[in-house]
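In what follows, a single structure is set out as structure tokens and then discussed.
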Amino acid sequence: MSATSPAAVVVLAAGEGTRMKSKTPKVLHEISGRSLVGHVVAAARELAPQHLVVVVGHASEQVTAHLNAGDAVRTAFQAEQNGTGHAVRMGLEELGGNVEGTVIVVCGDTPLLSGETLGALAATHAADANAVTVLSAEVPDSTGYGRIVRDSATGAVTEIVEHKDATDEQRAIREINSGVFAFDGRLLGDALGKVRTDNSQGEEYLTDVLSILREAGHRVGACVAGDHREILGINNRLQLAEARRLLNERLLERAMLAGVTVVDPASTLIDATVTYERDAVVHPGTQLLGTTHLAEDSEVGPNSRIEDTAVGAGARVDNSVTLSAEIGAGALVGPYAYLRPGTRLGAKAKAGTYVEMKNATIGEGTKVPHLSYVGDATIGDHTNIGAASVFVNYDGVAKHHTTIGSHCRTGSDNMFVAPVTVGDGVYTAAGSVITKDVPAGSLAVARGQQRNIEGWVARKRPGSAAAQAAQASSQETDGQS
């Protein structure tokens, strides 16, 4: 924990967000791989606070379950939404009352807020020895926002004036309140007990704490965010989409500065949880989602969805979908392949055109070139699976496993009816339905013997185009003899 690490971060996430017009609580709407509140919690954790608490209210069970789906997050319950001051009071009560040290309060619907900016707020608060430090921002258009009014001599914040209450001179101020604050914890606890509810909403306003502390002779300061867009809160779907665009641009910029080539950023999506190495290449129309990792010199896209997938060094994924898969170094996927969860493609292996795999381990150098389904299977090294092969894994009740050895050559249009084992070095004939185990080094032929019935078309389909073509062919052959 650094010298400026806060004693606590309190995240306010109790509201319903009716303007989202959704059955999903506002803070659980997702952008770039995390919920809105998930982004805020991730930023807060970058500060390494001693305590982190999220105040929940509307749909509290759903929000709490979401927060605890990964690393558990402490929550405080606000039974009735009686204002931001009341919410912070609930958060402090969860932590045992007054907190010694810096307490940062942040809204749960500000997904663009970075840990770096919160760190700057904490550092400014400590350096200036403020009782309260407001995170502010200078915006192109401050209409509708609370203005930060400063003392011209000291730069201290004298008040926050809401737009409707501001004079013409104050409305010209472009520095606005973000709703994010750093407090002296001891002073905050005391001031919250003095907040009144004699306002139009009958609520406890957190902003009242600023005037209470200033009137008591304490200093109130401000820290200006480097990018005003970081403080944007989400209240409707339009703002959600705009935040997604801005965050995506930030994440792609970070990837490109780290050595990733993104051919067309405008058509590329990336989640905050995606990782990468230098010289990876991302082609247009590609979505990098979840815990995906791109190793050095890997190449993905165009028009691919790569989700929770490890793409090995030098591997190539072209026009394909991969979900919870592992793609080995130098492996080839696609075009138009579908790797489903549990697929592990070995080094220099291939899942080719219109190939679907699920819960399958494919050995090094093994190729499944085209038009095949491989499910619940293990295939050894340097085997070739013929076109239009199907691993028949489901009997209508349960799934069964197929094992194929190394250095096998299976024919086109094969069906492997699980459970079945094919040994190393086996060949299978085209059109075979393999229902029994095949010993190593064998040739397996499992198909009916071909029988030609001459003259069948003329007898059974007289006058048809086929019969006419056959007759013409026969006459031509007779004429040549």
Side-chain angles (χ1 to χ4, degrees), residues 295 298 309-318 320 322 324-395 398-451:
S298 60
T309 295
V311 183
R316 177 80 170 90
V317 180
D318 180 7
S320 296
T322 71
S324 300
E326 296 177 16
I327 300 170
L332 300 176
V333 178
Y336 314 117
Y338 181 23
L339 304 189
R340 292 166 54 193
T343 296
R344 296 188 295 276
L345 201 61
K348 298 182 180 179
K350 180 177 183 178
T353 307
Y354 298 113
V355 168
E356 179 179 351
M357 293 181 175
K358 186 270 294 183
N359 193 28
T361 299
I362 311 301
E364 179 179 351
T366 286
K367 294 176 173 58
V368 186
H370 30 231
L371 300 166
S372 296
Y373 170 69
V374 181
D376 298 292
T378 301
I379 305 178
D381 300 334
H382 304 291
T383 284
N384 189 86
I385 303 298
S389 292
V390 175
F391 286 59
V392 185
N393 57 336
Y394 185 48
D395 64 5
K399 299 292 180 69
H400 301 281
H401 199 83
T402 294
T403 300
I404 294 183
S406 298
H407 298 282
C408 294
R409 298 292 181 267
T410 70
S412 295
D413 195 26
N414 275 192
M415 291 193 178
F416 299 93
V417 182
V420 69
T421 298
V422 176
D424 293 337
V426 162
Y427 280 62
T428 63
S432 292
V433 178
I434 306 299
T435 59
K436 299 178 181 179
D437 292 352
V438 183
S442 301
L443 167 65
V445 182
R447 63 189 182 197
Q449 191 170 22
Q450 181 173 326
R451 184 164 63 100

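We use all heavy atoms of the structure for the numbers below, so side chains are in, but hydrogens, waters and symmetry mates are not.
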Salt bridge (Lys or Arg N to Asp or Glu O under 4.0 Å) against Glu356, all qualifying residues, sequence neighbours excluded: Arg340
Report, one line per pair, each donor and acceptor closer than 3.5 Å where one atom sits in a side chain of residues 382-389; sequence neighbours left out.
from, atom 1, to, atom 2, distance (Å)
Thr383, OG1, Gly405, O, 2.7
Thr383, OG1, His407, N, 3.1
Thr383, OG1, Cys408, N, 3.0
Ser389, OG, Gly386, O, 2.7

Any pair with a residue in [range] that passes salt bridge (charged side-chain N to carboxylate O under 4.0 Å, His left out), sequence neighbours left out, goes on the list, sorted by first then second residue, please.
| range | value |
| --- | --- |
| residues 372-384 | Lys358-Asp376 |
| residues 342-353 | none |
| residues 400-420 | none |

Any Ile379 side-chain heavy atom under 4.5 Å of Phe391 side chain: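 Yes, at least one pair of side-chain atoms sits under 4.5 Å.
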For the backbone of [Y] and the side chain of [X], can you confirm whether one donor and one acceptor N or O come within less than 3.5 Å of each other?
| X | Y | answer |
| --- | --- | --- |
| Ser372 | His370 | yes |
| His401 | Thr378 | yes |
| Thr343 | Met357 | yes |

What's the shortest heavy-atom distance between [X] and [Y], and which atoms?
| X | Y | value |
| --- | --- | --- |
| Ser320 | Pro335 | OG-C, 4.0 Å |
| Asp395 | Ala398 | OD1-N, 2.7 Å |
| Gly346 | Ala331 | O-CB, 3.7 Å |

Nearest 0.5 Å, please: how far is OG1 in Thr361 from CG in Asn359? 7.0 Å
Distance in Å, Ile362 CD1 paired with Ile327 CD1, rounded so as to fall on 0.5 Å steps: 12.0 Å
Please list, one pair per line, the donor and acceptor atoms closer than 3.5 Å that link side chains of residues 414-430 to other protein atoms, with sequence neighbours excluded.
from, atom 1, to, atom 2, distance (Å)
Asn414, OD1, Gly411, N, 3.4
Asn414, OD1, Thr428, OG1, 2.4
Asn414, ND2, Gly411, O, 3.3
Asn414, ND2, Ser412, O, 3.4
Asn414, ND2, Ala429, O, 2.8
Asp424, OD1, Ser406, N, 2.8
Thr428, OG1, Gly411, N, 3.0

Give the intermediate values and the outcome of side chain to side chain contact (heavy atoms under 4.5 Å, CB included) for residues Leu339 and Thr309. CA-CA 10 Å; Leu339 304 189; Thr309 295; over 6 Å; no
